[in-house]
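Values below: every heavy atom of this structure, side chains too, minus hydrogens, waters and symmetry copies. Chain letters run A, B, ... following the sequence lines, proteins first and then strands; every chain starts at 1.
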Amino acid sequence: MKNSLKEKFLSPSKQTYQESFGKIISSFCILIIIALVVSILGFVTTKGIDTFTQSKINVFDFLFGNVWSPSSTGANGKPEVGAAPMIVTSFTVTLISAAIATPFAIACAIFMTFIANNRGSRLLRSTIELLVGIPSVIYGYIGLTLVVPLVRSIYGGTGFGILAGAIVLFVMILPTVTSLTVDSIKSVPDYYIKASYGLGATRWQTIYKVVLKISLPGILTAVIFGMTRAFGEALAVQMVIGNSITMPTNLTTPASTLTSQLTTGIGNTIMGTLQNNALWSLALVLLFMSLFFNILIKIIGKRGAAKYES
Amino acid sequence: MKRLAYLFSIVGICILFLAGCNNKSNSKEVTAVGSTALQPLVEQAAEQYDSKSNGKITVQGGGSGTGLSQVSQGSVSIGNSDIFANHQLGIDAKKLLDHQVAVVGIAPVTNKDVGVTNLSTKQLKAIFTGKITNWKQVGGKSQKIVVINRVKGSGTRTTFENAILGNQSSVNTQEQDSNGTVKKILSKTPGSISYLSFSFLDKTLQPLSIDNIYPNNKNVTNNKWKIWSYEHMYTQTNPSKEAKEFIKYLQSKKIQSTLVKKLGYISIHDMKVIKNSDNTVIKK
């Protein structure tokens with residue numbers, strides 16, 4: 001009797017097995033995910049670098065060149081793979097859409113947290129969440145049938161271009177920016193708000209001078225999250241931007257983003273040729289940009305936390 | 001916990017099972033990948049073919065380039081392409097076997113309101129290379145010409161440029177990646193011009209005649225209308241029996257006189273000329 005009790009206490013219990021079993025499963029899953037990320041990064045990098053190592057294209061010619069025509073050779077005897085028009089267009093579209101979306105997102109967030117009653121805020125919240133679920137091809141199609149003709153009737157030309165792209169993207173990133181802004185505003189400590197009211201500030205003064213100031217790092221993070229999404233969106237933008245690889249001079253003439261060039265080009269090129277590798281180099285640029293946005297979010301988050309923690 | 005373990009093992013077994021399945025049946029299955037212009041024909045033919053035989057035909061899009069590269073790597077049995085394999089950079093055409101299953105005519109098309117219905121080859125070339133920029137210069141309204149291209153490497157664009165532009169390259173302009181989108185834009189954008197395969201022409205658009213020759217099937221069959229191409233199904237030099245049979249089925253009288261015509265292609269049996277891969281045309 002005594003012996004079996006001792007054994008029972010010394011030998012691993014059922015719960016111990018469960019513990020190690022769970023540990024094994026979760027570390028297995030994590031390992032798979034890590035391997036996946038590493039292999040994606042590795043694949044895009046090796047493919048993207050081929051343009052510079054195999055075809056001896058200068059990196060500066062790639063980043064700052066104005067002419068994109070990988071199948072024909074330029075003045076210096078090398079294929080022309082200048083990605084600057086696409087990089088500039090991608091940034092312009094992203095910045096404009098974020099600039100339009102931010103005030104709307106902040107207004108929605110303030111309305112939801114301070115002004116609306118419970119029902120109104122729930123209604124607005126579910127409306128905005130609905131926007132997230134719409135597939136991007138539908139945004140693109142609506143852009144093609146509504147936004148492009150609208151831009152054309154106002155500004156002339158074909159209607160395709162950065163403006164149409166930015167308008168479509170604005171609707172697409174609005175939910176992301178709004179819900180993150182709401183989270184940030186809600187995390188403002190209640191005693192700051194009460195103190196502000198206590199000092200006799202009106203609701204608007206409290207929102208403007210206390211709440212928005214404290215949640216600023218959070219709002220910035222929200223905007224950058226939205227920009228990351230806008231920068232990476234391919235299909236919807238490709239449908240409304242016109243896909244002309246020229247340096248944009250104007251918001252209503254056709255242009256081409258990194259992503260739209262990737263989606264239109266990849267099916268018509270052969271693996272291993274320069275035309276294909278040049279597209280992988282564009283993908284590499286995209287990857288670096290999202291990495292940059294992620295680091296930016298981390299930095300802003302840290303600074304914001306440091307400022308108001310104490 | 002136990003339930004979770006069961007779930008995991010079931011999922012694992014399923015994955016193993018599916019992977020195994022795929023490997024085993026690969027030799028019997030025929031996968032045709034590539035050109036989106038040819039896709040509807042192959043899809044519908046495959047449907048009729050499947051119901052008659054035990055073989056399984058899988059049809060996918062992806063573009064002519066994808067089709068050619070996949071078939072030359074041997075990852076699919078048939079690569080659908082709008083262009084000859086030796087026109088695609090990076091493909092060794094000698095390793096592939098060409099099977100032509102249909103002919104497609106391509107016409108220059110404008111928005112309805114430009115006021116032009118006929119152009120000379122020279123004028124058309126000048127428009128697409130950017131030398132003529134207003135419809136007034138070719139007898140139409142005073143309106144800016146908006147050139148819309150398909151993306152580089154698209155079969156329709158390659159065919160059009162081979163026939164009209166020769167060695168010159170097109171003006172840098174907006175590019176769209178499908179016939180459907182081009183059609184939609186042409187019908188709505190004043191002053192626009194592009195090119196479409198015959199099956200996309202309808203009353204919302206204005207197809208142009210070139211040197212007073214009209215874009216219709218009859219003019220294609222005797223090569224009076226120069227802008228046309230074959231739809232190719234490429235296989236490796238020793239295709240599987242199943243793939244060969246399916247292609248033969250597509251080339252048969254029955255499919256060529258029904259499905260091919262119904263979908264707006266031109267039957268290969270109607271052609272009175274043969275176009276070689278270097279674009280020379282000889283009488284049959």
Side-chain angles (χ1 to χ4, degrees), chain A residues 14-15 17-19 21-22 24-26 28-29 66-72 79 85 140-141 144-146 148-149 152-153 156-161 235 238-247 253-256 260-277 279, chain B residues 1-2 4-5 7-9 12 33-36 60-70 72-73 75 81-83 85 88-92 111 144 146-155 157-158 167 169-178 180-181 184-186 188-192:
Chain A
K14 200 178 146 207
Q15 280 71 19
Y17 282 124
Q18 282 179 351
E19 176 99 7
F21 183 71
I24 289 170
I25 285 190
S26 25
F28 180 67
C29 290
N66 266 341
V67 185
W68 177 269
S69 177
S71 48
S72 57
Y141 200 69
L144 191 62
T145 30
L146 294 178
V148 170
R152 179 169 58 225
S153 63
T158 58
F160 289 89
L235 199 61
Q238 181 232 312
M239 288 169 86
V240 300
I241 204 160
N243 308 312
S244 165
I245 310 171
T246 40
M247 189 55 92
T253 50
S256 178
S260 70
Q261 196 49 37
L262 274 172
T263 49
T264 51
I266 212 91
N268 291 314
T269 54
I270 308 292
M271 277 275 192
T273 58
L274 172 65
Q275 287 93 314
N276 193 267
N277 288 340
L279 292 176
Chain B
M1 203 60 230
K2 236 180 191 167
L4 202 66
L7 199 74
F8 269 104
S9 45
V33 170
S35 159
T36 46
Q60 290 164 20
S64 298
T66 308
L68 286 171
S69 66
Q70 298 259 23
S72 49
Q73 286 163 9
S75 40
S81 170
D82 305 333
I83 56 175
Q88 179 79 45
L89 284 163
I91 290 289
D92 187 2
N111 180 264
K144 214 171 152 252
V146 178
V147 177
I148 292 156
N149 257 331
R150 294 286 304 281
V151 291
K152 281 194 186 101
S154 123
R157 176 164 172 180
T158 310
N167 309 325
S169 52
S170 163
V171 59
N172 197 350
T173 177
Q174 69 163 298
E175 296 178 355
Q176 294 299 336
D177 73 342
S178 75
T181 318
K184 198 167 161 56
I185 294 168
L186 281 176
K188 297 253 178 71
T189 311
S192 55

Quick one: do A/T158 and B/Q174 satisfy side-chain contact (heavy atoms from CB on, under 4.5 Å)? Show the steps, please. CA-CA 10 Å; A/T158 58; B/Q174 69 163 298; 3.6 Å; yes
For B/T181 and A/M239: C-alpha separation, side-chain torsions, deciding distance, then whether side-chain contact (heavy atoms from CB on, under 4.5 Å) applies. CA-CA 8 Å; B/T181 318; A/M239 288 169 86; over 6 Å; no
Report the C-alpha separation of A/Q275 and B/K152 in whole Å, then their side-chain angles, then the decisive distance to 0.1 Å, and conclude whether the side-chain contact (heavy atoms from CB on, under 4.5 Å) test is met. CA-CA 10 Å; A/Q275 287 93 314; B/K152 281 194 186 101; over 6 Å; no
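Closest non-hydrogen pair, B/Q176 versus A/G242, comes out as NE2-CA, 3.7 Å.
Heavy atoms closer than 4.5 Å to chain A are found nowhere in B/I148, neither backbone nor side chain. With a threshold of 4.5 angstrom between heavy atoms, A/S244 approaches chain B through its backbone and through its side chain. Of the two parts of A/F28, neither the backbone nor the side chain holds a non-hydrogen atom closer than 4.5 Å to a non-hydrogen atom of chain B.
Most heavy-atom pairs under 4.5 Å with chain A: of the set B/S69, B/G67, B/S192, this distinction falls to B/S69. The choice from A/G265, A/P149, A/P254, A/S260 that makes the most heavy-atom pairs within less than 4.5 Å of chain B is A/P254. Comparing B/K144, B/Q73, B/Q88, B/Q70 by heavy-atom pairs within less than 4.5 Å of chain A, the highest count is held by B/Q88. When the candidates A/R152, A/Q238, A/Q261 are compared by the number of heavy-atom contacts under 4.5 Å with chain B, A/R152 comes out ahead. Residue with the most contacts toward chain B among A/T263, A/T264, A/L144: A/T264 (heavy-atom pairs, distance under 4.5 Å).
The structure places CZ of A/F160 at 3.0 Å from CD1 of B/I185, a figure rounded to the nearest 0.5 Å. One finds the OG1 atom of A/T269 at 11.5 Å from the CG atom of B/L68 (value rounded to the nearest 0.5 Å).
Residues A/S256 and B/E175 fail the side-chain proximity criterion, which asks for heavy atoms closer than 4.5 Å.
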